[in-house]
Amino acid sequence: MKILVSDYDETFAYGKQLEENGKAVQNWRDAGNLFVIATGRTYGDFFSLFEQNEPIPCDYVILNHGATILDCANQVLYAHPIDPKVISNLQEYLPVLFTYPNNFYSSIKESRVLLDHPHVTKLHIACNSVALAKQYQRMVEKSWKQDLSTMVISRSGSLELVASGVNKASAIEVLLRKLSLPRTCVYTVGDDYNDLEMLILFHGASMMNATSEVYQQIPYHVPSVASYINMLLQEP
């Protein structure tokens, strides 16, 4: 058995490839393999896409950059929220982060919550500039590295914050422990900064449209998720 973990935006949902990718995933699962979507999106943001597109035949969904894992019945298998004390400290000593009107904060299954919610899993800082997002990233990592993980979302120019140690790769590790499967069975595909950890650790392929940093660090490139699946199915 193999496990394929795919990013969603600009990877699984890239161009007009949704239908082709969906058929390839079905073939993948029919062959006895597992398919996982790993996205930075919140629960509501991700599943609202099903109203626009055909549901993806997946076995697990990793949300909020790895802070939440759901099974195929949308039951929460794992959640790692941010410590409320860290959020309060961030508000006190770096208040500029919370001045952007399009910011939002999410919990385990709620896409929009207030900062005093007891289970905030992700802070989305909508600064609309990659340069500014990277500047804030450096500031957060300097003072809160033990408490927070940071992700710059290049396509929106935003900064997203989750609990320390949370990323897509760490969520895959949690899944492997629950399934009692080895790391060698995992294959991954993605396109952006927040995919790098999983691409480096788990047989990664980068999309042809990947950001330059991902494209350079991950030398195996694919034009689509379907093409990657077809290649993997041909392997022994």
Using salt bridge (Lys or Arg N to Asp or Glu O under 4.0 Å) as the criterion, list what pairs up with E160, not counting sequence neighbours.
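Counting only residues at least two positions away or on another chain, E160 forms a salt bridge (Lys or Arg N to Asp or Glu O under 4.0 Å) with K122.
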
For K23, salt bridge (Lys or Arg N to Asp or Glu O under 4.0 Å) partners two or more places apart
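K23 satisfies salt bridge (Lys or Arg N to Asp or Glu O under 4.0 Å) with E19 only.
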
I'd like to know if L159 and F98 are part of one continuous hydrophobic network [Ile/Leu/Val/Met/Phe/Trp/Tyr, side-chain heavy atoms within less than 4.5 Å].
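Result: yes, single cluster for both.
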
So does Y14 have more than 12 non-hydrogen atoms from other groups sitting under 6.0 Å from OH?
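12 or below, so no.
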
Answer yes or no: does atom CD of Q146 have more than 12 heavy-atom neighbours from other residues, nucleotides or ligands under 6.0 Å?
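Not buried by this count: 12 neighbours or fewer within 6.0 Å.
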
With R41 as the cation and F46 as the aromatic partner, state whether NZ or CZ is under 6.0 Å from the six-membered ring centre and within 45° of the axis.
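Ring-cation test returns no.
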
For residues 131-143, which side-chain donor-acceptor pairs fall under 3.5 Å, sequence neighbours excluded?
residue: Y136; atom: OH; partner: Y100; partner atom: OH; Å: 2.6
residue: Q137; atom: NE2; partner: T150; partner atom: OG1; Å: 3.0
residue: E141; atom: OE2; partner: T150; partner atom: OG1; Å: 2.7

Quick one: do the Q234 and N230 side chains pair a donor with an acceptor below 3.5 Å?
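Checked: Q234/N230 side chains show no N/O donor-acceptor pair below 3.5 Å.
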
Answer with yes or no whether the side chains of E110 and H119 bring together a donor and an acceptor at under 3.5 Å.
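Not at all, the side chains of H119 and E110 share no donor-acceptor pair under 3.5 Å.
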
Set of side chain to side chain contact (heavy atoms under 4.5 Å, CB included) partners for D147, sequence neighbours left out:
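Only V86, W144 meet the side chain to side chain contact (heavy atoms under 4.5 Å, CB included) criterion with D147.
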
Which residues pass the side chain to side chain contact (heavy atoms under 4.5 Å, CB included) test with S111, sequence neighbours left out?
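Checked S111 against side chain to side chain contact (heavy atoms under 4.5 Å, CB included); matches are T42, D45.
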
Are the side chain of [X] and the backbone N or O of [Y] linked by a donor-acceptor pair below 3.5 Å?
X: D7; Y: T39; answer: no
X: T121; Y: S106; answer: yes
X: D59; Y: F35; answer: yes

What are the two closest heavy atoms between [X] and [Y], and how far apart are they?
X: M207; Y: Y215; value: O-CD1, 3.8 Å
X: P182; Y: L176; value: O-CD2, 3.8 Å
X: S170; Y: G165; value: OG-O, 3.1 Å

List, one per line, each side-chain donor-acceptor pair under 3.5 Å for residues 192-202, sequence neighbours excluded.
residue: D192; atom: OD1; partner: S154; partner atom: OG; Å: 3.0
residue: D192; atom: OD2; partner: S154; partner atom: OG; Å: 3.1
residue: N194; atom: ND2; partner: H65; partner atom: ND1; Å: 3.1
residue: D195; atom: OD1; partner: K168; partner atom: NZ; Å: 2.6
residue: D195; atom: OD2; partner: D191; partner atom: N; Å: 2.9
residue: D195; atom: OD2; partner: D192; partner atom: N; Å: 3.0

Ring center gap for Y105 and H117 short of 6.0 angstrom:
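Judged by ring-centre distance (under 6.0 Å), Y105 and H117 do not meet the cut-off.
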
